[in-house]
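It should be emphasised that the depicted structure is a prediction, and the values quoted were computed from it without experimental measurement.
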Amino acid sequence: MNWENVVLHTRTAWWRAAAPVAVLALALTACDGRDAAGPAAGSGPDDGKSSANAAVPTGGRPAEVAGDGVLKPGQSGTGPYREETGKTTYEVAAQKVHVGTEDEAKEMVQDPRDARGLVAATAYVKYTNKGPGVVKGLARVDNGAEIYADGRRGGLLLGTPLDLPGCEDPIDIDDWKVDESHVICQTYMIPKGSRALEVHWGDESAADPLVWKFDDAG
């Protein structure tokens, strides 16, 4: 099922702290990879756990990849991202993923049927500018973050409130200096009951994005 331009609004307790009246747009992209077409989020099961937090210590840790080359939650990797001011190298660490409930997801949409079987997952990602210089203007590095559930990319929740607790708004980041860090969040809609969550990050042209696994997060 492919959904496009579904108008959303927020009334749930978790989101209310960020925006009492928010208008969101849900774009569920049918992807089974970074660019390949595949089943869209929302085709998953209706049963299973729907409320959980996959959390890790917020302090940065050196990269320590698992045997399959996947980073552990909270561990960092580096990669380039093309900003408007040029290519910048970032140290990136996916710290945690907050997973809401199906009832919360239904209250976000104008028609609760549109969120049947879905929950909202928010990834908290720490970015550190490693140079070569200051990033001026609006940084776009957070656009490289995606959430996958059981091997399938979720649907990006556009217009998500950016003042969620612990999340920074890129608009408020002026002249991002070298060695300066910020935590920016991305929210995706994923099937309720998803067990294996992954956060992927990389430039659009990256063949091998950084990947963090959050097992039993949903």
Side-chain angles (χ1 to χ4, degrees), residues 4-6 8 10 15 18-19 22-31 33-37 41 58 60 63 71 73-98 120-149 152-190 197-212 214:
E4 295 181 356
N5 301 323
V6 179
L8 309 178
T10 283
W15 293 93
V23 178
L24 312 175
L26 173 64
L28 286 180
T29 53
C31 256
R34 291 185 65 82
D35 296 308
T58 56
L71 290 162
Q75 294 172 338
S76 60
T78 58
Y81 197 88
R82 188 170 297 280
E83 301 283 8
E84 291 185 0
T85 53
K87 185 176 291 186
T88 299
T89 297
Y90 286 95
E91 181 178 277
V92 184
Q95 297 178 333
K96 66 179 180 179
V97 177
H98 173 90
T122 298
Y124 289 67
V125 185
K126 179 180 178 181
Y127 302 94
T128 303
N129 177 4
K130 303 306 291 184
V134 174
V135 176
K136 296 183 178 296
L138 180 63
R140 301 182 300 171
V141 62
D142 58 306
N143 291 342
E146 301 174 335
I147 297 177
Y148 283 69
R152 296 178 179 176
R153 191 175 70 181
L156 178 62
L157 198 59
L158 301 175
T160 306
L162 295 175
D163 54 347
L164 296 171
C167 301
E168 300 180 60
D169 188 339
I171 294 178
D172 297 330
I173 302 173
D174 296 323
D175 295 336
W176 192 334
K177 299 177 178 61
V178 175
D179 290 330
E180 185 175 282
S181 300
H182 297 280
V183 176
I184 307 175
C185 301
Q186 284 279 30
T187 298
Y188 278 72
M189 295 292 266
I190 62 173
L197 300 189
E198 294 181 355
V199 174
H200 293 202
W201 177 85
D203 195 281
E204 292 181 358
S205 60
D208 297 306
L210 298 176
V211 177
W212 293 261
F214 295 83

S.K.: Closest heavy-atom contact between Asp203 and Pro80?
M.R.: CB-O, 3.7 Å
S.K.: Run the ring-ring contact (aromatic ring centres under 6.0 Å, His included) test against Tyr90 and tell me which residues pass, sequence neighbours left out.
M.R.: Trp176
S.K.: State, yes or no, whether a side-chain contact exists between Val97 and Tyr188 at a heavy-atom distance under 4.5 Å.
M.R.: no
S.K.: According to side chain to side chain donor-acceptor pair (under 3.5 Å), who are the partners of Ser181, at least two apart in sequence or on a separate chain?
M.R.: Thr128
S.K.: Restricting to side-chain contact (heavy atoms from CB on, under 4.5 Å), what partner residues turn up for Val183, sequence neighbours left out?
M.R.: Gln95, Tyr124, Lys126, Glu168
S.K.: Would you find a donor on one side and an acceptor on the other, under 3.5 Å apart, between the side chain of Trp212 and the backbone of Ala93?
M.R.: no
S.K.: Between OG1 of Thr85 and CG of Asp175, what distance do you get to the nearest 0.5 Å?
M.R.: 10.0 Å
S.K.: In Å, rounded to the nearest 0.5 Å, how long is the span from CZ of Phe214 to CD of Glu198?
M.R.: 10.0 Å
S.K.: To the nearest 0.5 Å, what is the distance between CD1 (Ile173) and CG (Asn129)?
M.R.: 10.5 Å
S.K.: Closest heavy-atom contact between Ala123 and Val199?
M.R.: CB-CG2, 3.9 Å
S.K.: Any side-chain heavy atom of Leu156 sitting closer than 4.5 Å to one from Gln186?
M.R.: yes
S.K.: For the residue pair Asp174 and Ile171, what are the closest heavy atoms and their distance?
M.R.: OD1-O, 4.1 Å
S.K.: For the atom pair SG (Cys167) and NE2 (His98), what is the distance rounded to the nearest 0.5 Å?
M.R.: 10.0 Å
S.K.: Got a second to check how far Leu210's CG is from Thr78's OG1, nearest 0.5 Å?
M.R.: 7.0 Å
S.K.: Give me the one residue out of Val141, Leu71, Val125 that meets side-chain contact (heavy atoms from CB on, under 4.5 Å) with Trp201.
M.R.: Val141
S.K.: Going by salt bridge (Lys or Arg N to Asp or Glu O under 4.0 Å), name the residues that satisfy it together with Lys130, two or more places apart in sequence or in a different chain.
M.R.: Asp179
S.K.: Among all residues two or more places apart in sequence or in another chain, which pass the salt bridge (Lys or Arg N to Asp or Glu O under 4.0 Å) test with Asp208?
M.R.: none
S.K.: In Å, rounded to the nearest 0.5 Å, how long is the span from CD1 of Ile147 to CD1 of Ile190?
M.R.: 7.0 Å
S.K.: Taking only residues two or more places apart in sequence or in another chain, which ones pass side-chain contact (heavy atoms from CB on, under 4.5 Å) with Arg140?
M.R.: Tyr81, Glu83, Glu84, Asn143
